[in-house]
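Contents: one structure, followed by commentary.
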Amino acid sequence: VDGCGISAVEKFFLENGYTKRDVLRFEKKKLTAYWYAPPSTEGKAMLPRVFVSELCVDELSDTAQKIITKYTSQAKHNVDHAAMSGVLGVPPWPTPSREDYLQSSTTADNITVTFAGGETEELPGAYIEFAERRVLPEFAGLPISQIAEEHRRDGFEVGNADKIFESTNQGAAKL
């Protein structure tokens, strides 16, 4: 969806030195994702790798596409603030009605969601996962104190990243 997908969120990271890396495609879940490598941190604390995904709205039913577009079309003016919106937990679009709500986040801690009209329901909140980057086999014998960034695995693998979405969507199956 124009102004609300990966391109909106990645802008913040690219402007702050991150490098866009491999594309990952999750066919069954209708998701596309990229991972972003942080800028060099020589002598500084390591920055995290970032994994950003988007729902392939054009692959959903016409009804689902209309509902999603109804809300996201009102968010285009917030494109420059998409990453911050996610961090703050404040969506850049209006609160949907309960009937329109589409759930596509991975189950994490439940949060109370208040819909337009005042209805509330406990639903999974946004999800942030920290993935362990194991030491590459050729460096397995190094003492832990000598293991550096270059000794660890790089990137994400679709098979492993797919687990992030395992418990996804309590309602999307209805689409």
Side-chain angles (χ1 to χ4, degrees), residues 1-18 20-21 23-36 38 47-132 156 158-175:
V1 179
D2 291 339
C4 294
I6 289 174
S7 61
V9 175
E10 77 178 355
K11 184 176 179 180
F12 170 83
F13 295 103
L14 295 174
E15 288 176 355
N16 285 283
Y18 275 75
K20 188 175 189 174
R21 300 293 295 267
V23 63
L24 299 116
R25 179 70 173 124
F26 304 91
E27 298 289 336
K28 290 182 182 177
K29 293 173 177 59
K30 297 179 172 69
L31 295 169
T32 297
Y34 286 90
W35 75 271
Y36 299 79
L47 293 171
R49 283 163 172 68
V50 176
F51 179 88
V52 179
S53 64
E54 69 182 356
L55 183 63
C56 299
V57 175
D58 60 332
E59 296 176 17
L60 300 176
S61 69
D62 288 342
T63 301
Q65 289 182 43
K66 287 176 186 170
I67 292 170
I68 290 168
T69 304
K70 172 181 170 181
Y71 293 97
T72 58
S73 65
Q74 299 176 56
K76 291 180 184 177
H77 65 279
N78 289 326
V79 169
D80 289 341
H81 308 290
M84 187 55 68
S85 177
V87 169
L88 295 174
V90 180
W93 44 77
T95 303
S97 68
R98 189 165 191 242
E99 296 78 37
D100 286 348
Y101 187 75
L102 299 173
Q103 175 62 41
S104 65
S105 65
T106 301
T107 302
D109 293 335
N110 280 353
I111 59 171
T112 301
V113 175
T114 302
F115 295 97
E119 299 170 279
T120 62
E121 186 169 331
E122 289 283 318
L123 296 171
Y127 190 79
I128 296 175
E129 178 168 312
F130 295 93
E132 178 184 4
F156 291 89
V158 172
N160 294 333
D162 194 47
K163 290 183 172 112
I164 294 172
F165 303 109
E166 287 284 317
S167 56
T168 298
N169 97 49
Q170 295 178 342
K174 299 175 190 171
L175 300 178

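Qualifying salt bridge (Lys or Arg N to Asp or Glu O under 4.0 Å) partners for E10, counting only residues two or more places apart in sequence or in other chains: K20. Residues that satisfy the salt bridge (Lys or Arg N to Asp or Glu O under 4.0 Å) test with E27, not counting sequence neighbours, are R25. Y71 meets the ring-ring contact (aromatic ring centres under 6.0 Å, His included) test with no other residue; sequence neighbours excluded.
Shown here for R21 and Y34, the closest heavy-atom pair between the two residues is O-CD2, 3.5 Å. Considering all non-hydrogen atoms of both residues, V52 and V50 come closest at CG2-CG1, 3.7 Å. Between T32 and C56 the shortest heavy-atom distance is OG1-SG, 3.2 Å.
At a threshold of 4.5 Å between non-hydrogen side-chain atoms, the residues L55 and I68 count as touching.
Among residues at least two apart or in separate chains, salt bridge (charged side-chain N to carboxylate O under 4.0 Å, His left out) pairs with a member in residues 61-70 are K70-D100.
I67 contributes atom CD1, which lies 7.5 Å from atom OG of S61 (distance to the nearest 0.5 angstrom).
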Determine, stepwise, if the pair Y36 / Y18 fulfils ring pair (Phe, Tyr, Trp, His ring centres under 6.0 Å).
-> CA-CA 6 Å; Y36 299 79; Y18 275 75; 7.4 Å; no
